[in-house]
Amino acid sequence: QVQLVESGGGLVQPGGSLRLSCATSGSIFSTSRMGWYRQAPGKQRELVATITSGGSTDYADSVKGRFTISRDNAKNTVLLQMNSLKPEDTAVYYCNARFTTTWVLNYWGQGTQVTVSS
């Protein structure tokens, strides 16, 4: 059983910061690639950031330099620190766990709303 629960979303002014948290349950966290995706109304879901089990990170060009993804293996938690937020960052943010055996399995949280507005 794998469960992902996002928290930390909310309303913030442009230029502000938020920290999203994804708490996981199950036995796959330490060996999974974790990621954050987002989806704005009328748009496709897009990759925001990923972090591998070894700590390697990757970011979308639109957030590079502003967002930081990290993981706390002791707490089975992945974080997304979001700084210098822009209205274009407004979306529902989803936590993702990608677990690979003989094929790739993806697990998703319910999402948390981030709204950047003055």
Side-chain angles (χ1 to χ4, degrees):
Q1 182 180 0
V2 176
Q3 186 175 24
L4 310 178
V5 180
E6 302 97 334
S7 63
L11 175 64
V12 65
Q13 294 182 353
S17 298
L18 286 173
R19 188 177 71 173
L20 305 184
S21 178
C22 175
T24 70
S25 62
S27 61
I28 69 168
F29 177 81
S30 63
T31 56
S32 295
R33 189 198 75 170
M34 303 299 300
W36 288 95
Y37 291 71
R38 66 186 182 186
Q39 187 168 25
K43 296 184 178 181
Q44 297 180 208
R45 184 175 298 187
E46 65 174 347
L47 179 68
V48 176
T50 62
I51 183 167
T52 68
S53 59
S56 180
T57 60
D58 194 24
Y59 298 91
D61 289 341
S62 60
V63 307
K64 186 169 293 186
R66 300 187 297 121
F67 292 8
T68 303
I69 188 171
S70 62
R71 63 194 298 160
D72 186 338
N73 290 331
K75 297 180 178 180
N76 293 338
T77 299
V78 61
L79 305 174
L80 184 68
Q81 180 66 47
M82 309 165 66
N83 298 326
S84 302
L85 284 162
K86 305 175 181 179
E88 306 92 90
D89 297 317
T90 296
V92 177
Y93 284 70
Y94 296 91
C95 182
N96 167 259
R98 188 183 71 178
F99 180 70
T100 301
T101 55
T102 54
W103 58 81
V104 175
L105 300 176
N106 279 288
Y107 301 91
W108 297 91
Q110 299 94 341
T112 184
Q113 177 70 50
V114 172
T115 303
V116 184
S117 176
S118 60

Heavy-atom pair of closest approach, residues Tyr107 and Leu4: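 That closest heavy-atom pairing would be O-CD1, 3.2 Å.
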Specify the closest pair of heavy atoms between Met34 and Ala97, including all atoms of both residues, with the distance to one decimal.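 For Met34 versus Ala97, the nearest heavy atoms are SD-CB, 3.7 Å.
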If you link ILVMFWY side chains whenever their heavy atoms are less than 4.5 Å apart, which other residues fall into the same cluster as Val5? By chain and number, please.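 For Val5, no cluster forms, as it stays isolated from other hydrophobic side chains.
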Rest of the hydrophobic cluster containing Val92 (Ile/Leu/Val/Met/Phe/Trp/Tyr, side-chain heavy atoms under 4.5 Å)?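 Reading the cluster by chain and number, Val92 sits alongside Tyr37, Leu47, Tyr94, Trp108.
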For residues 29-94, pull every pair meeting disulfide bond (SG atoms under 2.5 Å apart), keeping only residues two or more places apart or in separate chains.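 Residue pairs passing disulfide bond (SG atoms under 2.5 Å apart), neighbours aside: none found.
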Disulfide bond (SG atoms under 2.5 Å apart) partners of residues 35-70, not counting sequence neighbours, each pair once: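 Sorted result for residues 35-70: empty, none.
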Per the salt bridge (charged side-chain N to carboxylate O under 4.0 Å, His left out) rule, what does the pair list look like for residues 97-116, sequence neighbours excluded?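 Non-adjacent pairs meeting salt bridge (charged side-chain N to carboxylate O under 4.0 Å, His left out): zero.
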Do any pairs count as a salt bridge (charged side-chain N to carboxylate O under 4.0 Å, His left out) and have a residue in residues 20-49, sequence neighbours left out, and if so which ones?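 Found Arg38-Glu46, Arg38-Asp89.
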Name the atoms and distances for all side-chain donor-acceptor pairs under 3.5 Å in residues 111-118, with sequence neighbours left out.
residue, atom, partner, partner atom, Å
Thr112, OG1, Gly9, N, 3.2
Gln113, NE2, Ala91, O, 3.4
Gln113, NE2, Thr115, OG1, 3.4

When the side chains of residues 53-61 are checked against the rest of the protein, which donor-acceptor pairs come out under 3.5 Å, sequence neighbours left out?
residue, atom, partner, partner atom, Å
Tyr59, OH, Ile69, N, 2.9

Taking C-beta and beyond as the side chain, do Glu6 and Gln110 meet within less than 4.5 Å on heavy atoms?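 In short, these two side chains touch, coming nearer than 4.5 Å.
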Contacts table for residues 11-25: side-chain donor-acceptor under 3.5 angstrom, sequence neighbours left out:
residue, atom, partner, partner atom, Å
Ser17, OG, Asn83, OD1, 2.9
Thr24, OG1, Asn76, O, 2.8
Ser25, OG, Gln3, N, 3.4

State plainly whether one hydrophobic cluster holds both Leu79 and Ile51, where clusters connect Ile, Leu, Val, Met, Phe, Trp and Tyr through side-chain heavy atoms under 4.5 angstrom apart.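 Leu79 does not cluster with Ile51.
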